[in-house]
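Residue numbers begin at 1 in each chain, while the letters A, B, ... track the order of the sequences. Here the structure is a predicted model, which means the values were calculated and not measured.
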2 protein chains.
Amino acid sequence: MGIAERREREKRERINTIILAARDLFFEKGYRATMDEIAERAELSKGTLYLYFKSKDELYISVILEGFHLLESRLKKELKGAKEVEERVRAVYYAFIDHCLENKAYFRTTQYFLTEDARANTSPDLVETINRSTGELMQYGVGVIREGMEKGVFRKDVDPFILALTVWRMATGILDLAVLESDTARGKRPYQEVFDTAIDVVLRGVRAG
Amino acid sequence: MGIAERREREKRERINTIILAARDLFFEKGYRATMDEIAERAELSKGTLYLYFKSKDELYISVILEGFHLLESRLKKELKGAKEVEERVRAVYYAFIDHCLENKAYFRTTQYFLTEDARANTSPDLVETINRSTGELMQYGVGVIREGMEKGVFRKDVDPFILALTVWRMATGILDLAVLESDTARGKRPYQEVFDTAIDVVLRGVRAG
DNA sequence: AGTTAATATGACCGGGAGTCATTATATAAC
DNA sequence: GTTATATAATGACTCCCGGTCATATTAACT
């Protein structure tokens, strides 16, 4: 059944072509890139795009998920080199931050899906997909915090999930600002001091004893 | 010169009528409310709207600034009743959170202006206006933290501004989630436990000694 | 070659932001 | 009171964009 398989493969290739064109343009112009532009970049007609993606938002989400996979690889890599508890927490924290700073367009795209507007236009199951993936990624944070509690380094009277959520949203909140001012602070992380202070304060706040 | 003054007054009244209609509709439908709808609600033609506001986004920003004034009154009121340092920090923290939860549309509208998309469509001086107002509001947070340091309750090796920024963005980050899930947790703040844990950890992290 | 199935196309539609020539209204001049 | 002028309001219109669909093209099968 070589033909069916080739067809399947060609379909995947086409989808990939479209995602690549879309990513390029979303990186370049943000959400305002148009479907016509993406079609032109992919050397396909607009109608064809809609053969493979139900909507512009679905294309958007595909790009977001690509970013999630990148981040996950990075988290795994960074965690391998880190042994000590606080070092592991920082590894997850800065892996997330650096990923977002190095891939600002991914970050913006992802943040966009926290707006009412985006969610209102997107089918519930797509939103659910994003939520599930987000939850999986957050487990990396929950994991290192739980390790810290088990080893007695962190206080045990805080819910690890809530703490992870808090740190994640704290980082995201600062990133919102950092990503907006992309031109400042050449050579080092923009907002470096803010990110450092933030995690220092939190770590001091959860240390046992 | 009574006529010129009356004209001036009528102009302000018209602007107010438009903002009221816009706010109603933004509350109801979010950013997706249309200029035609707003015009109809204000009992004016669409063209008239553009006589008083350069763009939909400028109208949006006017609504945001209204929200800022509301928040500022609340901050002042809450701070009057709070004497002790940590109590004052919490007063500012929860005044901000409750304001945002009670005025979700204001919050969403404001958050929208952290997106690339919105900023790209808005004139630099309007963006600047928002930034300045935001900075002024943040001074309430910076103030109570600085008080805490001066009284020796908080460690002095953290920049009060950075700490305020961190807590503000932490709250905003959690609010992003809380506002999305507006239907849950009737009767108490949604995400109550998360907000509580977040400020507890931070306060423990900055206490002197 | 002819038939059918699968893909691709782009003109077209609906709807929304923003414009502008025209109309209406208020003030000033005589 | 009438006419001229400045000011304000209007809504039909343009342009743009996401999404659709009847038609055309290509590939597969007999």
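Atom pair B/Arg32:CZ and C/dG14:C1' shows a separation of 15 Å (rounding to whole Å applied). The CG atom of B/Leu51 sits 16 Å away from the P atom of C/dT25 (whole-angstrom rounding). When the C1' atom of C/dG18 is taken as reference, atom CG of B/Leu49 falls 11 Å away, rounded to whole Å. Taking atom CD of residue A/Glu40 and atom P of nucleotide D/dC17, one finds them 12 Å apart after rounding to whole Å. The CE atom of B/Met35 sits 15 Å away from the C1' atom of D/dA9 (whole-angstrom rounding). In this structure, the CG atom of B/Leu25 is 12 Å from the P atom of C/dG16, given to the nearest Å. Per the geometry, NZ belonging to A/Lys56 stands 15 Å off P belonging to D/dT20, to the nearest Å. Taking atom CD1 on B/Ile38 and atom P on C/dA17, their separation rounds to 8 Å, with Å as the unit.
Nucleic acid contact for B/Thr48: base, since at least one base atom lies under 4.0 Å from a heavy atom of the residue. Backbone-only contact: B/Leu44 has heavy atoms under 4.0 Å from sugar-phosphate atoms and none from a base. Residue contacts for B/Ala39: at a heavy-atom cut-off of 4.0 Å it reaches no nucleic acid atom on any strand shown. Here A/Arg14 lies in heavy-atom contact (under 4.0 Å) with sugar-phosphate atoms only.
Neither OP1 nor OP2 of C/dA8 sits under 4.0 Å from any side-chain N or O of A/Tyr50.
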For nucleotides 22-30 of chain D, 5' to 3', base contacts (B), sugar-phosphate-only contacts (S) and non-contacts (-) with protein non-hydrogen atoms under 4.0 Å give -----SSS-
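Comparing A/Ser45 and B/Ala33, the nucleotide of DNA chain C nearest to each residue sits closer to the 5' end for A/Ser45.
The neighbour count for B/Glu43 CD, taken as heavy atoms of other residues, nucleotides or ligands under 6.0 Å away, does not exceed 12.
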Please test B/Tyr94 against B/Asp196 for side chain to side chain donor-acceptor pair (under 3.5 Å), starting from the C-alpha separation and ending with a verdict.
CA-CA 9 Å; B/Tyr94 285 111; B/Asp196 292 347; 2.3 Å; yes
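Under 3.5 Å, the side chain of A/Lys46 and the base of D/dG19 form at least one donor-acceptor pair of N or O atoms.
Because its NZ or CZ atom is not both nearer than 6.0 Å to the ring centre of B/Tyr50 and within 45° of the ring axis, B/Lys56 does not count as a cation-pi partner of that residue.
Comment: A/Glu102 engages A/Arg74 in a salt bridge, judged by a side-chain N to carboxylate O separation of less than 4.0 angstrom. Salt bridge status for B/Arg146 with B/Asp159: absent, with no side-chain N to carboxylate O gap under 4.0 Å.
Between D/dA9, D/dG19, C/dA17, one nucleotide has an atom nearer to the side chain of B/Tyr52 than all others, and that is D/dA9.
Donor-acceptor pairing under 3.5 Å is lacking for the side chains of B/Asp98 and B/Tyr93.
Using a 30° and 60° split on the angle between ring planes, B/Phe27 and B/Tyr106 fall in the perpendicular class, above 60°.
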